[in-house]
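To start, the structure itself, in structure tokens.
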2 protein chains.
Amino acid sequence: MEHARDIFRRFGLRCTRQREMLYEALAATTSHPTAEELLAMVRESDTDLSLATVYNTLDAFSECGLIRRLSSLDGKGPCRFDATTSEHAHVLLPDGRITDVPEEISAGLVRAVNPSALSSLGGHLGVPSDRLRLRVTVEVVAEPGARESEDND
Amino acid sequence: MEHARDIFRRFGLRCTRQREMLYEALAATTSHPTAEELLAMVRESDTDLSLATVYNTLDAFSECGLIRRLSSLDGKGPCRFDATTSEHAHVLLPDGRITDVPEEISAGLVRAVNPSALSSLGGHLGVPSDRLRLRVTVEVVAEPGARESEDND
DNA sequence: TTTCCTGCAAAAGCTTTGCAAGTAC
DNA sequence: GTACTTGCAAAGCTTTTGCAGGAAA
């Protein structure tokens, strides 16, 4: 397992205690936490960490491609973050949470995408297709007759 | 072409002048405007329309499935809205705009997805697969060496 | 030593809500 | 007539920024 310090070095990021904690917490979870959730997770070891630092750090991480910033369900609610940048599909739960599609199934979804359709799209847009990143997301829509339960705390 | 009034009736929505204008403006454009952009478009005919009404109206429309609310690039910036609810792929441009993947190409992307992968996923989640909605989005990532041009007006 | 990072608080950006008046049904 | 909509302003929530002190390179 590569150390966070080395990863940071590779991505041109300064290595601070806060960044290490945040990255390790994010890499260790399979949930896709919001900035506040991540703060809560890390506050157990560091009481002084501030939410602004969490945001700034996650922004630095996603800018350089170390992690992935995910928009939440239809843009409502806070963003979520994913330490796994490899191409995999996500599930958007009705309550706003995001989970990963299990790898075998994800491969079936992502691999099913026609590469030639992607290059046609690149041609259409005038962009080399290696600059196109595919995002496959499966949204779980609420049961038609279901009462809205906004138990989102 | 079905009249907005009839569409609203079908979706159980009251028909007001503001809603008609907004729906027609949204249905007439191929861009995926933000609430503010839509307000600007409609302000040409109605100077009194307020942004709050635009948001409330778009929310009512998307709640009942008449339109689709799209989160903007990685949750940064305002939401965008799409009057087309059929399953089609979107392109996220680096400047935050969203365009549709042309229909031929979109069909190639979306149809290529293995339906059995979707039902496996439904099984895994314990959700009937008709409650799973596939979203295919192609993100155009900025040119590796490009200066950030935030010309986003 | 220089540059970048952190924490705090304050600001900014997007969206929702409370209320009184008006409109659809 | 009743219930829902509208417009305005104010509040709410998420994210960013300014600044002084501190830590990394």
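Owing to the predicted nature of the structure, the values given are computational and were not obtained by experimental measurement. Protein chains get the first letters and strands the later ones, always in sequence-line order, with residue 1 at the start of each.
In terms of the salt bridge (charged side-chain N to carboxylate O under 4.0 Å, His left out) criterion, residue partners of D59(B) (sequence neighbours excluded) are, by chain and number, K76(A), R69(B). Not counting sequence neighbours, D48(A) has no partner by the salt bridge (charged side-chain N to carboxylate O under 4.0 Å, His left out) test. Taking the side chain to side chain contact (heavy atoms under 4.5 Å, CB included) definition, one finds that A4(A) meets it with F8(A), E20(A), Y23(A), E24(A), sequence neighbours left out. Residues satisfying the side chain to side chain contact (heavy atoms under 4.5 Å, CB included) test with S106(A), not counting sequence neighbours, are H88(A), A89(A), V101(A), V110(A). In this view, S129(A) satisfies the side-chain hydrogen bond (donor to acceptor under 3.5 Å, both in side chains) rule with no residue, not counting sequence neighbours. Here S45(B) pairs with M21(B) under the side chain to side chain contact (heavy atoms under 4.5 Å, CB included) rule; sequence neighbours left out. Considering only residues two or more places apart in sequence or on other chains, T57(A) meets the side chain to side chain contact (heavy atoms under 4.5 Å, CB included) condition with R19(A), L22(A), T53(A), F61(A).
Residues V91(B) and L132(A) fail the side-chain proximity criterion, which asks for heavy atoms closer than 4.5 Å. Residues S72(B) and L92(B) are not in side-chain contact: their nearest non-hydrogen atoms beyond the backbone lie 4.5 Å or more apart. Looking at I7(A) and L66(A), their side chains come closer than 4.5 Å, going by heavy atoms from C-beta outward.
Contacts between residues 34-50 of chain A and DNA chain C, defined by a heavy-atom separation under 4.0 Å, are made by D48(A), L49(A), S50(A). Taking every heavy atom of residues 17-24 of chain B and every atom of DNA chain C, no pair lies under 4.0 Å.
Looking at R14(A), its side chain comes within 3.5 Å of the base of dA24(D) through a donor and an acceptor atom.
Within the structure, the ring-ring contact (aromatic ring centres under 6.0 Å, His included) test picks out the following pairs touching residues 27-53 of chain A (sequence neighbours left out): H32(A)-H90(A).
Per the geometry, CZ belonging to R9(A) stands 10 Å off C1' belonging to dA24(D), to the nearest Å. For the pair N56(B) CG and dG7(D) C1', the computed distance is 10 Å after rounding to whole Å. The separation between K76(B) atom NZ and dT15(D) atom C1' is 9 Å, rounded to whole Å.
Without hydrogens or angle criteria, T34(A) side chain to P78(A) main chain gives no donor-acceptor distance under 3.5 Å. Remark: the backbone N or O of R68(B) is not paired with any side-chain donor or acceptor of T85(B) at under 3.5 angstrom.
Contact footprint of chain A on DNA chain C: nucleotides with an atom under 4.0 Å from a non-hydrogen protein atom, first to last in 5' to 3' order, dT3(C) to dT16(C).
Contacts of T16(A) with the nucleic acid, taken as non-hydrogen atoms under 4.0 Å apart, involve only primed sugar atoms and P, OP1 or OP2.
Distance from the side chain of A52(B) is smallest for dC8(D) among the nucleotides dT14(D), dC8(D), dT16(D).
Recorded end-axis angle for the helix from dT1(C)-dA25(D) to dC25(C)-dG1(D) stands at 50°, based on five pairs per end and rounded to 10 degrees.
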